[in-house]
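Here is the structure we will look at, set down as structure tokens.
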Amino acid sequence: MGKFNRYLITAALPYANGPVHIGHLAGCYIPADIYVRYLRAKKADVKFVGGTDEHGVPITIKAMKEGVTPQDIVDKYHKIIYDSFTDMGISFDIFSRTTKQVHHETSAAFFKTMYDKGLFEEKVTEQFYDETAGVFLADRYITGTCPKCGNPNAYGDQCEKCGSSLSPDELINPRSTLSNAVPVKRQTKHWYMPLQNYEPFLKEWILEGHKEWKNNVYGQCKSWLDSGLQSRAMTRDSNWGIKVPLPDAEGKVLYVWFDAPIGYISATKELTENWADYWCKEDTKLVHFIGKDNIVFHCIIFPAMLKAHGGFVLPENVPANEFLNIEGDKVSTSRNWAVWVHDYVKDFPDQQDVLRYVLTSTAPETKDNDFTWKDFQQRNNSELVDIFSNFVHRTMVLMHKLCGGKVPAFHPEVKDEKDDAVLTNLLASKQKIEDSIENFRLREALAEVIEVSRQGNRYLQEKEPWILAKNAEENQKLIDNCLHLCLQLTANLAILANPFLPFTAKKICHMLKVVDRMLEWENAGSLKLVSVGYSLRPPEYLFTKIDDVKIQEQIDKLHAGLVKPVTPAEAAAPEAKEVKEEIQFEDFAKLDLRVGTILEAEKVPKADKLLKLLVDIGTEKRTVVSGIAAHFAPEEVVGKQVTLVANLAPRKMRGIESQGMILMAENAAGKLVFVNPDAAVDAGSEVR
RNA sequence: UGCGAGGUAGAGCAGAGGUAGCUCGUCGGGCUCAUAACCCGAAGGUCAGGGGUUCGAAUCCUCUCCUCGCUACCA
């Protein structure tokens with residue numbers, strides 16, 4: 001810790017156009033929170049700041065599409081994101097927003113200072129403009145036909161079909177994705193920051209001064225610096241954002257990446273009037289926790305800005321994590337391939353620490369990693385429950401059974417080397433955990449916490465107090481020593497686990513009837529944490545097993561939620577349909593609706609829309625031909641539960657007899673969604 | 001295309017010239033206080049592949065393959 005007297009820890013500002021998913025948590029919020037909780041336990045002077053990033057073009061576009069204001073969008077997602085973090089125990093000292101007054105003032109002043117120092121270049125360029133929507137268009141919001149392969153849906157920056165990178169000029173028949181209008185070129189003036197001027201400083205500071213940064217971070221920075229930096233526009237044409245604080249700058253706002261990192265500064269200002277201590281004093285350690293997509297902004301652009309402005313400390317480390325995949329596929333918010341935090345909290349109430357544990361032990365620290373529900377279950381069941389929780393539980397049970405529910409005394413006259421080893425091992429583990437956390441190796445640190453409880457289990461096994469109890473009178477001192485040490489070890493586990501599993505640490509404190517102050521880090525390694533003679537509460541489970549059904553539900557939910565992105569052309573105006581003629585219950589009762597599970601799926605040859613499905617309805621398996629091929633790939637639907645009309649007369653399509661019909665909901669744009677049970681039920685269940 | 005990171009037991013990771021290691025899973029044994037838990041033991045690897053340097057290579061050099069990211073308007 002050494003030369004630093006205070007810490008400022010930031011976690012990337014989530015963009016307020018959607019909720020947060022577990023990839024966000026694993027990438028930076030949980031690591032940051034662990035680090036911060038550890039520092040607080042060490043009684044360090046630390047502030048943990050964050051907030052939502054609420055400017056930028058994507059928010060204005062989302063608002064436009066939904067027919068609401070950008071403010072409506074950011075209000076909605078700020079709340080969802082804030083609640084997700086609070087629920088998961090991410091312990092921000094402040095979680096602010098970039099739309100706040102203090103942030104607008106801070107960012108504008110930052111820009112103005114740089115402007116007054118003459119650090120910007122003014123350039124007039126031609127940009128594409130959508131006259132219908134009244135906005136300038138980023139390259140990716142222009143589509144057209146690819147000049148290389150003829151793909152009619154190539155983006156202005158890249159054709160996803162042939163992979164060639166493009167500029168909007170090259171597209172044949174360019175269209176705005178917002179209004180379908182033909183974009184026209186317009187002149188516009190912007191302020192550029194000549195990043196190349198900061199190259200020598202950045203090279204010296206990172207390449208020479210921070211060789212200890214993680215491989216992925218250092219390598220990425222080196223790559224950028226070696227290939228040479230260029231001027232980059234720090235303003236945009238928009239009416240949503242921070243107005244450029246200059247006369248003659250109507251319709252110009254700060255580039256969202258210029259203002260977002262300044263959000264860390266504004267949030268600190270909002271938090272404390274001593275904010276300058278954390279930003280301007282050299283003995284502050286500033287650490288940015290981010291995902292790998294943010295490396296360039298936090299390691300190159302923001303430090304260059306801080307340096308240009310002057311008077312600020314620079315980040316001491318930027319421990320960026322890689323990405324977390326879900327069940328083997330990249331997270332995709334547009335396809336809804338994600339595990340949303342607000343869903344998890346609802347589906348697994350009071351089990352935040354399970355997710356914190358799994359995401360930490362499988363964190364993508366050195367390379368992309370995969371989250372699977374099976375792995376989630378297994379880590380919970382065999383590590384948290386079997387090893388960690390079970391050690392605490394058997395300690396408590398034995399103490400109640402063999403020591404009258406009170407902390408037994410320790411009798412030095414009968415101790416042996418195994419008793420001594422408990423302390424030696426504990427101290428070694430504490431040291432190891434400290435080293436690991438301070439070097440951002442959180443997986444390793446957490447594994448060591450589990451190792452402490454494993455040692456506890458081993459110690460109990462060797463001592464066998466339940467055997468000693470058969471001769472309780474002559475062995476009571478040995479029993480006392482064993483359980484005394486196990487109880488002290490349990491208390492120590494609470495301290496060591498606290499940064500990672502804060503909810504669990506509190507539960508242990510409750511069971512042991514100790515105050516939360518015991519969790520201070522300096523107490524780790526003490527064997528005097530629970531007092532002799534003190535009567536303790538009855539044992540309770542810290543973690544419980546998660547069964548296969550629960551896991552399968554989540555897997556089903558993930559697949560059921562999968563959607564194909566709707567292209568703007570499909571999002572036509574809704575067309576209201578009249579409700580059909582009234583029927584009687586008897587008419588309805590003629591329908592035999594069953595829940596089935598799709599076992600197999602394949603495309604029907606020479607038919608664009610048809611999939612041939614094999615559906616298990618419990619009593620039998622049906623072949624069903626369904627017109628959903630344009631919406632779902634065969635592999636997407638296998639394993640899905642569906643609602644089947646089981647008594648519909650069979651009908652031949654393309655030579656295949658379809659023995660039923662699958663219910664689908666269709667929106668105005670023609671997008672299809674399966675109508676299926678809210679939770680997994682047995683195949684063949686009746687629908688009424 | 002260029003650059004960066006990564007590829008080690010079924011899974012997740014460690015090792016950076018000297019007998020390939022850890023956790024989970026699997027198999028066998030022990031134990032019974034404990035949530036079918038715990039403890040002990042075993043099996044399981046051409047260290048992505050080829051070529052080279054070296055007495056000796058997972059480790060150094062070189063070429064190839066695969067995954068992911070960045071390539072400057074995806075916040």
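Each chain gets a letter, A, B and so on, in the order its sequence line appears, and its residues count up from 1. All values derive from a computational prediction rather than experimental measurement.
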Watson-Crick or G-U wobble partner for [N], using a 3.5 Å limit on both distances?
| N | answer |
| --- | --- |
| B:G28 | B:C40 |
| B:U23 | B:A11 |
| B:U67 | B:A5 |

Classify every nucleotide of nucleotides 68-73 of chain B by which part a protein heavy atom approaches to under 4.0 Å, writing B for the base, S for the sugar-phosphate alone and - for neither, in 5'-to-3' order.
-> SBSSBB
Starting from [atom2] on [N], measure out to [atom1] on [X] and report it in whole angstrom.
| X | N | atom1 | atom2 | answer |
| --- | --- | --- | --- | --- |
| A:N381 | B:U23 | CG | C1' | 16 Å |
| A:Y459 | B:C31 | OH | C1' | 18 Å |
| A:R443 | B:C24 | CZ | P | 16 Å |
| A:E448 | B:C13 | CD | C1' | 15 Å |
| A:L384 | B:G12 | CG | P | 19 Å |
| A:D226 | B:A5 | CG | C1' | 15 Å |
| A:N457 | B:C31 | CG | P | 18 Å |
| A:M396 | B:U35 | CE | P | 14 Å |

With sugar-phosphate meaning primed atoms plus P, OP1 and OP2, does [X] contact a base, only sugar-phosphate, or nothing at under 4.0 Å between heavy atoms?
| X | value |
| --- | --- |
| A:V397 | sugar-phosphate |
| A:I387 | sugar-phosphate |
| A:K545 | base |
| A:T362 | nothing |
| A:F297 | nothing |

Answer with yes or no whether the side chains of A:Y357 and A:E383 bring together a donor and an acceptor at under 3.5 Å.
-> yes
Can you list the steps and then say if A:D435 with A:E444 is a side chain to side chain contact (heavy atoms under 4.5 Å, CB included)?
-> CA-CA 10 Å; A:D435 287 347; A:E444 188 178 278; over 6 Å; no
Tell me which of A:R458 and A:S389 sits closer to the 5' end of RNA chain B, going by the nucleotide each one is nearest to.
-> A:S389
More 5' along RNA chain B: A:L13 or A:E365, using each one's nearest nucleotide?
-> A:E365
Are A:Y29 and A:F289 close enough that some pair of their side-chain heavy atoms sits under 4.5 Å apart?
-> no
Is A:F111 close to A:D259 at the side-chain level, that is, under 4.5 Å between some pair of heavy atoms?
-> no
For the pair A:E199 and A:K203, find out whether any cationic side-chain nitrogen is under 4.0 Å from an anionic carboxylate oxygen.
-> yes
So does A:R186 pair up with A:D130, basic N to acidic O under 4.0 Å?
-> no
Out of B:C24, B:C33, B:U35, which has the shortest distance to the side chain of A:R394?
-> B:C33
Among B:G30, B:G12, B:A34, the one nearest A:H393 by side-chain distance = B:A34
Option passing ring-ring contact (aromatic ring centres under 6.0 Å, His included) with A:H393 (candidates A:Y541, A:F388, A:F543) | A:Y541
Contacts of type side chain to side chain donor-acceptor pair (under 3.5 Å), residue A:N457, not counting sequence neighbours | A:R394
With rounding to whole Å, what would you report as the distance between B:C22 and B:U54 at their C1' atoms?
-> 30 Å
B:G50 and B:A58, which share atom name P, separated by this distance in whole Å = 12 Å
Mind listing the N/O atom pairs, protein and nucleotides 6-10 of chain B, below 3.5 Å?
from	atom 1	to	atom 2	distance (Å)
B:G6	OP1	A:N215	ND2	3.0

